[in-house]
Each structure stands twice: as C-alpha cells, then as structure tokens.
Amino acid sequence: MKKFFLNLKIRTKLSAVLLAAVIIPALSIGLAFSSDFRDIVISNTISQAQKSSAAASPVLRALAIRVQNVANDLSSSAYYQDLFLSAAPADFTEAADSSPAQNFLTKVHAYQAEGYQTRIYIDLPEDADFFAGPASSVFAPLTQAKGRYWYGIFQGSSLDHLFCPSSYLGPLEAKTYGDSAYIRRFSFLFRGKVCSGYLTIYYSSDIYRQALGENLTFPKGVSYLINDRNQIIAETDVARAATYRVDYQQITSYLESSNAFVEKKVLGADVYAAFYKIPGPAWYLVTIIPKSSLIDQGNRIILRYLGIILACIVGGVFIAELLAGSIVRRIRRVSRQMSQVKAGDTPAPLPPSPYGDEIGQLVSSYNYMADRINELVAEQKRISEEKTIAEFNALQAQINPHFLYNTMDLIHWTAQARQYDKVSRIVMDLSRFYKLTLSKKDPISTIEDEIEHASTYVRLQNMRFDDAIDLVVDVPDAIGSCRIPKLTLQPILENAVLHGIREKDPPTGTIVITAWEDDAIYLLISDDGIGMDQAQIDRLLTCTPMSRSRGANVAIYNIHSRLQLLYGPEYGLSYRSEPGRGTEVTLRIPKTRV
C-alpha cells in the first residue's frame with residue numbers, strides 16, 4: 001500500500017488527502033442514516049396522502065350533489081310537476097306549448113351551458129306529437145333507452161336513482177351526451193295507465209378526474225372512484241387503476257378496521273392503500289401508492305446527499321489544484337511533451353528553465369534527449385526513403401514477363417503460317433508496347449500513356465485470341481495528363497483477360513475503362529468475365545510471400561503495393577465482384593498532373 005501511494009502523482013496525493021478528509025465522515029453519516037431517510041420519506045408521503053384524500057372526499061361529494069341538485073331543480077319546475085307529478089293526467093301536447101314549458105327549456109339550456117345535458121325518457125308511443133314539438137330536444141321515447149345497461153339495472157332492482165359510469169351507457173349515448181350520468185326513475189299517468197320515465201342528467205367524468213388529479217397525484221400511484229358494482233367512475237391513470245383495482249367488498253372490510261392507510265399486496269406488489277367513503281352516491285375513494293415508489297423517493301434523497309458529497313469532492317480537487325501550484329504545472333509540461341514523444345510525435349525542446357531545482361534539471365535533461373532523438377529520426381527517415389525506393393524498384397521488376405513469352409510464341413506461329421502482314425503488326429505493336437514501358441527512366445507515366453499501353457496489350461491479345469476482347473475507353477481528356485506509375489493498368493487488364501473473359505464459355509467479352517475526378521483520381525476497369533468470390537479478392541490484395549513465390553496474383557499485388565508505397569495506405573486498388581457477373585476494379589491515386 002505504501003509503495004502504491006508513493007507511485008501516485010503529486011496532484012493525486014494532495015487530492016487523496018483532502019478528499020479523504022471530506023468523504024470518510026460524509027459517507028459514514030450517509031450509511032448510518034440511509035434507512036432512516038427512507039422511513040422519513042414513507043412516513044411523510046403517507047401523511048400527505050391521508051390529508052389529500054381527506055380533502056378530496058368532500059370535493060367529490062359536492063360534485064355528485066351538484067348533479068343531484070340539477071335533477072332536483074328540473075324536477076321541481078312547474079312544467080315537470082304538471083306532466084309527471086300532478087294527480088290529474090296532463091295533456092302532453094297542450095303542455096308543450098305552455099309558458100312553464102318555455103321556462104323549463106330555459107333552465108335545461110342554462111344547465112347545458114354548464115356541461116349538464118338533460119334527457120327525459122318517457123313511455124309514450126314513438127309517433128306521439130309531443131316528441132315532434134318544442135320539447136323534442138329534451139324528451140325521448142322510452143324505447144331509445146331499452147337495451148342499455150343502466151335500464152337493465154333499473155328493471156332488475158327497486159332503485160329510484162343511479163349514478164352511471166361510462167360502462168353503463170351505450171357508446172353513442174356517451175359520445176353524444178356525456179360519459180357519466182345521474183338517472184332518476186319516476187312514474188306518471190297517461191290515458192289511465194301508469195307509465196315509467198327516467199330523468200337523465202349527462203355530464204363528463206372529467207369533473208371527477210380533475211378533482212382527483214388536483215388533490216391525489218403521487219409518483220407511480222393512482223386514485224380512483226369505485227361504485228358498489230365494482231365499476232370505476234374516474235381515475236388518475238387508467239392503466240394503474242386496472243393494475244391496482246381493489247374489490248368493493250374488500251374495501252368495506254378494510255374500512256371496518258381502519259380509515260387510514262393500510263399496507264397490503266396487490267398482484268404481488270407491496271402497496272399502501274387508503275379508502276374513503278363518498279356519502280350519497282355510495283362510492284369509495286381509493287388511493288394506492290406502491291411501496292417501491294416511496295423507496296425510490298428515499299433513494300433520490302440519498303442521491304441528493306451524495307450529490308452534496310460530490311460537490312465537496314470537486315471543491316477538494318480545486319483546492320488541491322491551488323496547493324499543487326507551479327510544481328505540478330511545470331512537471332505536467334515536461335510530462336505532456338514526453339507523452340507526445342511516446343505517441344510518436346517529434347520531440348520539441350522546452351524553453352530553458354530559469355530555476356536550478358530538480359524540475360529545472362529535468363527540463364535540461366529532456367531538451368538534450370529531444371535533440372538526440374530528432375537527429376536519430378532524421379537519419380531513420382533518410383534510410384526509410386532509400387528503402388522505399390528500393391522496394392518500389394523491386395516490385396516493378398516483378399511484373400509478370402509471361403506476356404513477352406506468349407507474344408514471341410505468337411510471332412513464331414504466325415510466321416510459320418506465312419502471315420507476314422500480321423507478323424509485322426504484332427512486331428510493331430510489341431515494339432510500341434515496350435517503348436512505352438522502357439522509354440524513360442522515370443517510373444511515373446501519364447494516364448493517357450497507360451491507356452495506350454493497355455490498348456496495345458489488348459490488340460496483341462486479340463491477335464492471339466481472334467478478336468475475342470472488346471475494349472471500351474471513356475476517360476475525360478483532362479484526366480489523361482494525370483500522373484500514374486508505369487505498368488499499372490496493363491496487369492489489371494491482363495488479369496481480366498486471362499482469368500476473367502478467357503475462362504468464360506464462349507471465351508469472349510468486353511472490358512470498359514472509365515475515369516472521374518473527385519477528392520482523388522478514380523479509374524474504373526470493369527469486365528464481364530467469370531467474376532470471383534470475396535476469398536479470391538482477399539488473396540489478390542493480401543498476397544503472402546509463399547503465394548508470390550509460386551507466381552499467384554503477383555501483378556495485382558505488386559500494383560496495389562506500389563501505389564501504397566508511393567502515395568500512402570488510403571490509395572491503391574479495391575475490387576467488387578460476384579461469381580458469374582464480372583468484376584469491377586477501382587484504382588484511386590492522388591490528383592497530380594504533368
């Protein structure tokens with residue numbers, strides 16, 4: 001441990017001492033009280049939830065009472081009383097045109113502006129004139145209500161009123177009027193017969209949802225209203241309400257024991273749950289807070305505490321910087337220069353130190369070392385350049401000589417056949433071929449000369465193979481003057497002829513040479529030969545010493561190597577080919593002109 005500490009940097013040592021003085025007591029306090037933080041958060045959140053639930057309960061009850069008051073107000077109007085509550089049966093058609101009817105409709109429209117839609121379903125014939133009169137927007141035949149869930153509830157029970165969630169209403173009904181309703185059942189006399197009717201006040205459940213959201217919003221928690229038929233009236237989160245749904249009968253049993261939060265399991269998860277009864281509509285307010293979310297809040301407090309510790313650490317590092325002062329800066333300057341040398345950069349001498357201390361002596365020793373390294377690097381560069389030239393000449397000397405042998409053989413057999421004109425053309429093209437190759441000592445030619453050289457090669461091969469190869473050249477004149485190593489294109493065409501086109505059945509085909517200029521000069525040589533797979537391409541460009549000794553892929557490998565030796569690893573050849581579909585060779589060289 002002592003050796004490890006002594007090997008640390010000066011700044012690290014100073015920082016470690018200061019940080020230890022901050023971190024050790026801070027962490028000790030944090031670890032000692034971490035569980036207490038969580039307990040405090042849980043206790044405070046539950047207390048807040050209890051207060052919020054208690055405050056939300058009368059708000060929700062007031063909203064339900066408000067809907068009942070709307071129904072009470074409408075049912076107490078003179079028009080409603082005359083139609084349904086008077087001892088003598090009313091004449092519906094006559095009453096529809098009365099002054100009380102107009103007052104009743106005025107009230108209905110006023111409540112409609114507040115978000116309460118009124119619909120009164122009565123057991124009269126659908127073709128009654130009453131439904132076509134001024135009250136048609138409020139009254140409807142009872143047949144429109146039959147088949148709805150809430151109607152079935154009334155028919156199967158002795159209820160005289162009902163608060164309906166959206167699940168009790170028909171889809172069109174909820175969409176047209178509102179997704180919640182308060183419905184009151186009544187009876188009246190019509191032509192000596194007792195008939196049924198339903199006063200329905202539609203409204204949006206958002207009034208409950210808003211009250212829940214304003215009073216009962218907890219991280220990952222949910223609050224919802226549930227009625228005695230286990231139907232959710234409104235909720236703060238639909239998915240969580242479904243996940244943490246508690247049965248109405250269970251709620252009743254919990255309320256018998258406690259009105260505070262209880263800890264229980266819902267679907268295997270530990271939660272805190274509170275239940276409050278909403279008098280009047282017989283609803284229960286359920287608030288569920290997962291225990292995990294409370295633990296997360298406690299963890300966040302711990303993280304804030306750790307953030308404070310981190311701020312102290314940063315402050316300690318800053319103080320350590322100030323204390324290290326000029327000592328660390330001077331050593332860092334030397335270390336930075338030496339790191340650059342380690343990374344491969346040329347060492348640059350430092351300004352001479354005006355101080356004679358140990359750091360000044362270190363600067364002086366470094367400057368001496370930098371001068372010696374620069375001398376060695378210059379010598380090594382000279383040797384490397386000479387080696388590169390030697391390697392280039394050696395690679396150029398390895399260009400495949402078989403073409404000359406084959407051409408001389410062609411001359412021999414053509415002469416034997418007494419085709420002296422053809423012999424003359426072969427000799428002239430062969431002379432031109434080698435004149436382009438050997439005419440100058442400079443190993444660099446132009447693209448224009450290289451294309452002529454390659455074209456001459458194809459003509460000679462066509463004399464040998466009975467014009468089996470078509471050569472198409474489409475190279476802009478401006479690119480023709482660009483510089484390129486000699487014997488670059490001809491071996492590529494030779495490879496396309498001998499190993500691509502000549503292995504087809506029949507052994508004929510086309511070679512196309514195109515070029516363009518972008519960030520560099522690009523030449524594309526494509527053929528319609530037999531193609532090759534990726535393994536063959538890899539062997540072409542990564543020719544091993546053993547394969548070179550056997551003569552395999554030598555020319556292509558040498559071209560690629562020469563280009564990279566001359567211009568760098570970003571230049572050279574790249575192949576794209578598929579078996580049976582030909583080959584494309586892209587040659588990339590820098591933009592240099594004669």
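These values consider heavy atoms only, across backbone and side chains, with no hydrogens, waters or symmetry-generated copies.
The side-chain heavy atoms of Asp474 and Val512, taken from C-beta on, include no pair separated by under 4.5 Å. You'll find the side chain of Thr586 stays beyond 4.5 Å of the side chain of Arg576, heavy atoms only. In this structure, the side chains of Thr118 and Gln112 stay at 4.5 Å or more apart for every pair of heavy atoms. Side-chain contact between Ile513 and Leu524 is absent, with no heavy atoms from C-beta onward closer than 4.5 Å. Between Val222 and Val286, the closest side-chain pair of non-hydrogen atoms is not below 4.5 Å. For the pair Glu517 and Ile479, the minimum side-chain heavy-atom distance is below 4.5 Å. At least one side-chain heavy atom of Pro590 sits less than 4.5 Å from a side-chain heavy atom of Tyr571. Considering only heavy atoms from C-beta on, Ile201 comes within 4.5 Å of Leu74 through its side chain.
By the salt bridge (charged side-chain N to carboxylate O under 4.0 Å, His left out) test, Asp270 pairs with Lys265, sequence neighbours left out. Applying the ring-ring contact (aromatic ring centres under 6.0 Å, His included) rule to Tyr111 yields no partners; only residues at least two apart in sequence or on another chain are considered. The salt bridge (charged side-chain N to carboxylate O under 4.0 Å, His left out) search around Asp73 returns Lys107, not counting sequence neighbours. Every residue was checked against the ring-ring contact (aromatic ring centres under 6.0 Å, His included) condition with Tyr224, not counting sequence neighbours, and none meets it. In this view, Ala174 and Leu169, Asp179 satisfy the side chain to side chain contact (heavy atoms under 4.5 Å, CB included) rule, not counting sequence neighbours. With sequence neighbours excluded, no residue forms a salt bridge (charged side-chain N to carboxylate O under 4.0 Å, His left out) with Arg229. The side-chain hydrogen bond (donor to acceptor under 3.5 Å, both in side chains) search around Asp519 returns Tyr522, Arg588, not counting sequence neighbours. Judged as a side chain to side chain contact (heavy atoms under 4.5 Å, CB included), and not counting sequence neighbours, the contacts of Ile530 are Glu503, Lys504. Applying the ring-ring contact (aromatic ring centres under 6.0 Å, His included) criterion to Tyr177, with sequence neighbours excluded, gives Tyr202. Applying the salt bridge (charged side-chain N to carboxylate O under 4.0 Å, His left out) test to Glu114 and every residue at least two apart in sequence or in another chain returns Arg66. Listed by chain and number, the residues in a ring-ring contact (aromatic ring centres under 6.0 Å, His included) with Tyr80 are Phe84, Phe186 (sequence neighbours excluded).
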Test side chain to side chain contact (heavy atoms under 4.5 Å, CB included) applied to Leu83 and Phe188, step by step: CA-CA 8 Å; Leu83 289 179; Phe188 64 96; over 6 Å; no
Stepwise side chain to side chain contact (heavy atoms under 4.5 Å, CB included) test for Gln144 and Arg119: CA-CA 11 Å; Gln144 292 186 11; Arg119 197 75 170 161; 3.8 Å; yes
Derivation of the side chain to side chain contact (heavy atoms under 4.5 Å, CB included) call for Tyr151 and Tyr121: CA-CA 11 Å; Tyr151 182 79; Tyr121 300 95; over 6 Å; no
Check against side chain to side chain contact (heavy atoms under 4.5 Å, CB included), Tyr168 and Asn227: CA-CA 12 Å; Tyr168 290 8; Asn227 65 12; 3.2 Å; yes
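Residue Ala234 comes nearest to Tyr208 through the heavy atom pair CB-CB, 3.7 Å, listed as atom of the first residue, atom of the second, then distance. Residues Ser75 and Arg184 approach most closely at OG-NH1, 3.5 Å, considering heavy atoms. Between Gly509 and Ile501 the shortest heavy-atom distance is N-CG2, 3.3 Å. What you find for Asp528 and Thr510 is that their closest heavy atoms are OD1-N, 2.9 Å. The shortest heavy-atom contact between Ile556 and Ile492 is CD1-CA, 3.9 Å. When all heavy atoms of Lys591 and Asp518 are compared, the closest pair comes out as NZ-O, 2.9 Å.
Formation of a donor-acceptor pair under 3.5 Å by the Arg502 side chain with backbone atoms of Thr508 is not found in this model. When atom types are taken as modelled, the side chain of His560 and the backbone of Leu573 share a donor-acceptor pair closer than 3.5 angstrom. In this structure, the side chain of Thr236 engages the main chain of Ser223 through a donor-acceptor pair within 3.5 Å. Looking at Ser577, its side chain does come within 3.5 Å of a backbone N or O of Gly582 through a donor-acceptor pair. Listed for the Gln536 side chain is a donor-acceptor partner under 3.5 Å among the backbone atoms of Asp533. Under the 3.5 Å distance criterion, the side-chain polar atoms of Gln564 are matched with a main-chain donor or acceptor of Pro569.
Note: Tyr79 and Phe104 have tilted aromatic rings, judged against thresholds of 30 and 60 degrees for the angle between ring planes. The aromatic rings of Tyr116 and Tyr203 sit tilted relative to each other, their planes meeting at an angle between 30° and 60°.
Each of Asn69, Val67, Leu63 was scored for a side chain to side chain contact (heavy atoms under 4.5 Å, CB included) with Ile65, with one residue passing: Asn69.
Within the model, atoms CG of Asn495 and OG1 of Thr583 stand 8.0 Å from one another, a figure rounded to the nearest 0.5 Å. Taking CD1 of Ile511 as the reference point, atom OG of Ser526 lies at 9.0 Å (rounded to 0.5 Å). Here the CD1 atom belonging to Ile226 is positioned 12.5 Å from the CD1 atom belonging to Ile278, to the nearest 0.5 angstrom. Distance check, rounded to the nearest 0.5 Å: CD of Glu584 to CD of Glu578 gives 10.0 Å. Of the inter-residue distances, the one linking Arg209 atom CZ with Ser180 atom OG reads 7.5 Å to the nearest 0.5 angstrom. To the nearest 0.5 Å, the span separating CD on Gln117 from NE2 on His109 amounts to 9.5 Å.
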Would you give me the side-chain donor-acceptor pairs under 3.5 Å for residues 159-166, sequence neighbours excluded?
none

